[in-house]
There are 2 protein chains.
Amino acid sequence: MRQTKREELVEKATAIFYRNGFQATGMDRLVTETGISKTSIYKHFKTKDDLIVAALKSRDAFLRGWLFGRMAQLASTPREQLIAMFDALHEWFNEPDFHGCMFAKASSEYQDPEHPINREATDHVARISAQLAEIAEEAGLNQPTELARQLALLKEGAVVLATMGRGGTPALDAKAVAIKLVDEATPDK
Amino acid sequence: MRQTKREELVEKATAIFYRNGFQATGMDRLVTETGISKTSIYKHFKTKDDLIVAALKSRDAFLRGWLFGRMAQLASTPREQLIAMFDALHEWFNEPDFHGCMFAKASSEYQDPEHPINREATDHVARISAQLAEIAEEAGLNQPTELARQLALLKEGAVVLATMGRGGTPALDAKAVAIKLVDEATPDK
DNA sequence: TAAAAGGTTTACCGATCGGTACTCTATTAG
DNA sequence: CTAATAGAGTACCGATCGGTAAACCTTTTA
């Protein structure tokens, strides 16, 4: 029961930051929208930046858990999972509350590479790339790390166009390319 | 001579916003770093947002001019130009003052699609995609608009990874994929 | 020569920023 | 029963936010 309030705070703050931006969200607004007093917030986190880092960690765990979990649901073999990532992304982009990548925004608003918030953002993309490389290796594909880099490229590009593009289905465009790449990386062919 | 001060302001403001972010840059800081008085700034622009829009328009003209100009320098045929885009991007990423895509940041900080700043950002990527489609068509490649969408995907992904990635050469990774795509879109093959 | 016009300087506005101090209340553990 | 703890509420801090007003200087134009 002791941990609950803090988790509730992080969860709600994550949603608000995601919807509203980091710098654009003041602490007073956080108090109003979470229903948690400022005193209580600052008992759990020394600064606003600390809270943002916690929100990003929470989001990282949730997003990676959802993405790779959905990939496993959609496909059984590692090889098919790599392609299914783009179907999962397509679903994500079409959710009504999709507002782009929270980590890209964090990196935009806190550009200093030394800043903990920026670090958390770059960590997130590094973790995704690493997991993709694992799956590519598990699938027995040729040059798995190079393939993983290219798939990460497609994934990030799709997210950007889903956020900044005018309509279209960037996830499916990316999927078409991904199929070719995975196909060419298949041995004995 | 009348237009000069305004142009000087926009030019300097663009650099400051790009380096420092939009919300993170206060008007007082703009006054200090540009050497232009606040009164004078507000004679040219009614609000800070108006100045930001002008800065983005300036950046859009410069960036697209530079990118497609460099592509034309690096390659003579439209087909080779599409691939040369990634060499140009590689050069851009390795400039010492590369700080990511200004329009992605603008879109991150001003999420409302109705906001003029967000509009300017999405306009920029739409213009790039359109120009790519033109070149693809000029090159006589199959399904030029689909190819252009995929190349835009690779370009945006490369920018993201150049900004948020840990080292690597995302532009060259993207180039490898682009070569395959252009190759497959070549008729009579 | 006079008078606009463009620019700077200084001071200031109310609002909001992140963060703190203090009081009060309700729950819970010894 | 009591003491400790967690949280809410209120009020406040100095700093900064975007933006304005007024006085002054200098250059161009009529």
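Below, all heavy atoms of this structure are taken into account, side chains as well, without hydrogens, waters or symmetry copies. Throughout, a chain's letter reflects where its sequence line sits, starting with A, and its residues are numbered from 1. Just so it is clear, the model here is predicted, and its values are computed rather than measured.
- Here A/S40 lies in heavy-atom contact (under 4.0 Å) with sugar-phosphate atoms only.
- Side-chain atoms of A/R166 and B/S129 form no donor-acceptor pair, as typed in the model, at a separation below 3.5 Å.
- Residue B/E8 contributes atom CD, which lies 13 Å from atom C1' of C/dG6 at whole-angstrom precision.
- For B/K5 and B/E8, the salt-bridge test passes: some basic side-chain N is under 4.0 Å from an acidic carboxylate O.
- With respect to the salt-bridge test (charged N to carboxylate O, under 4.0 angstrom), the residues B/E114 and B/R119 qualify.
- Considering only side-chain N and O atoms, A/H44 lies under 4.0 angstrom from the phosphate OP1 or OP2 of D/dG7.
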>> Walk along nucleotides 14-24 of chain C from 5' to 3' and tag each nucleotide B, S or - by protein heavy-atom contact under 4.0 Å, base first, then sugar-phosphate.
In response: ---SSBBBB--
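- We find that CD1 of B/I36 is positioned 17 Å from P of C/dT10, with the value rounded to whole Å.
- Note on residues 30-56 of chain B: pairs passing salt bridge (charged side-chain N to carboxylate O under 4.0 Å, His left out), not counting sequence neighbours, are B/R19-B/E33, B/D28-B/K38, B/R29-B/E33.
- Taking atom NZ on B/K43 and atom P on D/dT20, their separation rounds to 13 Å, with Å as the unit.
- No hydrogens or angles were tested; on distance alone, nothing pairs the side chain of A/K5 with the base of D/dG7 as donor and acceptor under 3.5 Å.
- The CZ atom of A/F17 sits 16.0 Å away from the NE2 atom of A/H99 when rounded to the nearest 0.5 Å.
- A single hydrophobic cluster is seen to contain both A/L153 and B/F98, as judged by linkage of ILVMFWY side chains at heavy-atom distances under 4.5 Å, directly or through other members.
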